[in-house]
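The block underneath contains the structure these notes are about, expressed in structure tokens.
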Amino acid sequence: MRAEEIERLVKISKEHPLMPETYVPWAEQPLPTDLYLPEVLTSLEGLPVYNILTAQQKTDLGRHEAVQVLYSYCWGEALFCVFMTRHLLTLPPDGPEHRFLIREIIEEYRHQEMFAQTITQLRGQALPPTRIHAFIGKFSTNYLPADFLFMGSLAVELITDMYGNHTRRAPEIYIVLRKVFELHNIEEGRHIHFTKGLLQNYTARAGYIKRTLYSFVILMNIYFVRTMYVRKVIYERIGIPNADAVFKEATKNYRSKFTQNCLGHIIEFVDSWGGFNTATRWAWRWLLKAKV
């Protein structure tokens, strides 16, 4: 990006900050008819078991799964802050890029606080990551090179954007959630301008092998985050009998729904810099059922 473009983004961030404390109507309590997640994104919608759930069970299913989504957002934002801090150390402190990254890190930490407060507002109990989730998260943060960490963080941001678009545009969703996603979408729009420039910098210098590795990093991060949403404990919480069998059905159902509702924009993104080739297409088709 040109210096004047970055300076404009810095100015907007300083002069027009979006503060979660005032932008989100935290005092608004959910109405009895409010939902917490669009039904199309819930794991059981489309299965026979969904039709026998009570209205309260359907609402609680969306609430618990929305909490897991918000929890994954906090994780993704924190990971992105790790990358940006690393990148920050390579830049001259008086340059516009350095100052913009400072602003972006401030906003990303505000987002993490906002998502955490939303979980509290929903009376949520986020399920912690499994051992394999924790290991992969720790390994990627501590040992991946900065460009690979960037790609992984970007993958989580792309998922966040897709969920946010579905949620903020659905009038049946609890207003606090809609405003949370609206704020996030506005500020991420500014971040994306900067991110695209950084992405171009990485991919322009990447040959076949590097692009292949980038593609695998994004694929595994999407697969990794997706598995944080559907959890057997949620079905036990809302009183579904035989939760083990329901969990197995829900996992298959959600894989299909995720591919249908959340992969389109991600596939376009990876394809834009040549991330699909003979070495990667099979993995995208196998793990995510992507049509590439």
Side-chain angles (χ1 to χ4, degrees), residues 29-76 78 115-138 155-156 159-160 162-164 166-167 170 172-174 176-177 180-181 219-263 286-290:
Q29 296 301 308
L31 300 173
T33 55
D34 282 344
L35 298 180
Y36 300 94
L37 195 66
E39 287 186 294
V40 71
L41 294 179
T42 58
S43 62
L44 297 182
E45 189 269 338
L47 292 174
V49 67
Y50 191 73
N51 298 324
I52 62 174
L53 297 181
T54 66
Q56 187 61 53
Q57 283 178 312
K58 291 178 179 179
T59 300
D60 285 341
L61 173 68
R63 180 168 63 85
H64 288 302
E65 293 192 339
V67 166
Q68 288 306 113
V69 171
L70 292 165
Y71 179 80
S72 75
Y73 289 179
C74 289
W75 177 84
F115 290 140
Q117 184 171 348
T118 308
I119 291 173
T120 301
Q121 186 90 352
L122 299 186
R123 296 176 288 109
Q125 293 177 295
L127 296 168
T130 63
R131 289 184 180 180
I132 186 65
H133 283 110
F135 171 78
I136 293 173
K138 183 177 180 180
V156 179
I159 298 174
T160 305
M162 295 302 295
Y163 262 78
H166 280 288
T167 303
E172 69 273 16
I173 299 298
Y174 176 34
V176 165
L177 276 168
V180 162
F181 285 118
L219 169 64
M220 295 312 297
N221 271 272
I222 292 171
Y223 183 80
F224 170 78
V225 171
R226 190 192 66 179
T227 57
M228 295 176 70
Y229 298 163
V230 182
R231 304 289 290 272
K232 184 183 71 172
V233 175
I234 292 176
Y235 309 131
E236 295 172 342
R237 284 178 178 175
I238 66 175
I240 295 180
N242 199 6
D244 280 312
V246 172
F247 173 68
K248 291 177 182 177
E249 288 186 52
T251 300
K252 295 178 182 177
N253 185 51
Y254 184 72
R255 287 173 183 168
S256 175
K257 290 160 75 77
F258 185 90
T259 298
Q260 181 179 350
N261 297 299
C262 299
L263 265 192
W286 177 48
L287 288 176
L288 296 181
K289 309 302 179 187

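Given the structure is predicted, the values throughout are model-derived calculations rather than measurements. All heavy atoms count here, side chains included; hydrogens, waters and symmetry mates do not.
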From N261 CG over to S256 OG, what is the distance, rounded to the nearest 0.5 angstrom? 8.5 Å

What's the verdict on side-chain contact (heavy atoms from CB on, under 4.5 Å) for R255 and K289, showing C-alpha distance, side-chain angles and the deciding distance? CA-CA 8 Å; R255 287 173 183 168; K289 309 302 179 187; 5.8 Å; no

For Y223, is the OH atom crowded, meaning more than 12 foreign heavy atoms sit under 6.0 Å from it? no

Distance check, rounded to the nearest 0.5 Å: S43 atom OG versus R231 atom CZ? 12.5 Å

Are the side chains of L177 and L35 in touch, meaning some heavy atoms are under 4.5 Å apart? no

Q56 side chain to D60 side chain, donor-acceptor N/O pair below 3.5 angstrom: yes

Indicate yes or no: at least one non-hydrogen side-chain atom of Y235 is less than 4.5 angstrom from one of L61. yes

What are the two closest heavy atoms between Y73 and G164, and how far apart are they? OH-N, 4.1 Å

What class does the angle between the rings of F181 and F115 fall in, given that below 30° is parallel, 30 to 60° is tilted and above 60° is perpendicular? tilted

Between E45 and K257 (salt bridge meaning N to carboxylate O under 4.0 Å), is one present in this structure? yes

For K58 and T54: C-alpha separation, side-chain torsions, deciding distance, then whether side-chain contact (heavy atoms from CB on, under 4.5 Å) applies. CA-CA 6 Å; K58 291 178 179 179; T54 66; over 6 Å; no

When rounded to the nearest 0.5 angstrom, what is the spacing between OH in Y36 and CD1 in I173? 10.0 Å

Side-chain donor-acceptor pair present, E172, T33, cut-off under 3.5 Å: no

Tell me, do I234 and E65 make a side-chain contact under 4.5 Å, heavy atoms counted? yes

Would a 4.5 Å heavy-atom cut-off, applied to side chains only, mark C262 and I159 as touching? no

side-chain contact (heavy atoms from CB on, under 4.5 Å), that's the test. Do L44 and N253 meet it? Break it down for me. CA-CA 7 Å; L44 297 182; N253 185 51; 5.6 Å; no

Could you check if a side-chain atom of L287 sits within less than 4.5 angstrom of a side-chain atom of M220, using non-hydrogen atoms only? yes

Counting N and O atoms only, with roles assigned by atom type, does the side chain of H166 sit under 3.5 Å from a partner on the main chain of L37, one being a donor and the other an acceptor? no

Taking all heavy atoms of A250 and all of V230, pick out the closest pair and write down the distance. CB-CG1, 4.2 Å

Using only heavy-atom distances, determine whether the side chains of Y50 and T42 contain a donor-acceptor pair under 3.5 Å. no

Does a donor on one side chain and an acceptor on the other come within less than 3.5 Å for Y229 and S72? yes

Which atom pairs, donor and acceptor, lie under 3.5 Å between side-chain atoms of residues 121-128 and protein residues at least two apart or in another chain?
| unit_1 | atom_1 | unit_2 | atom_2 | d |
| --- | --- | --- | --- | --- |
| Q121 | NE2 | W26 | O | 2.5 |
| Q121 | NE2 | Y174 | OH | 3.1 |

Partner of L41 under side chain to side chain contact (heavy atoms under 4.5 Å, CB included), picked from Y254, Y163, F258, is Y163

Step by step, work out the side-chain contact (heavy atoms from CB on, under 4.5 Å) result for E249 and V49. CA-CA 10 Å; E249 288 186 52; V49 67; 5.5 Å; no

Determine the minimum heavy-atom distance between A170 and P38, stating which atoms define it. CB-CG, 4.5 Å

Could you tell me which non-hydrogen atom of F247 sits nearest to which non-hydrogen atom of K232, and how far apart they are? CD1-N, 3.5 Å

Hey, does the side chain of T259 reach the backbone of A290 with a donor-acceptor pair shorter than 3.5 angstrom? no

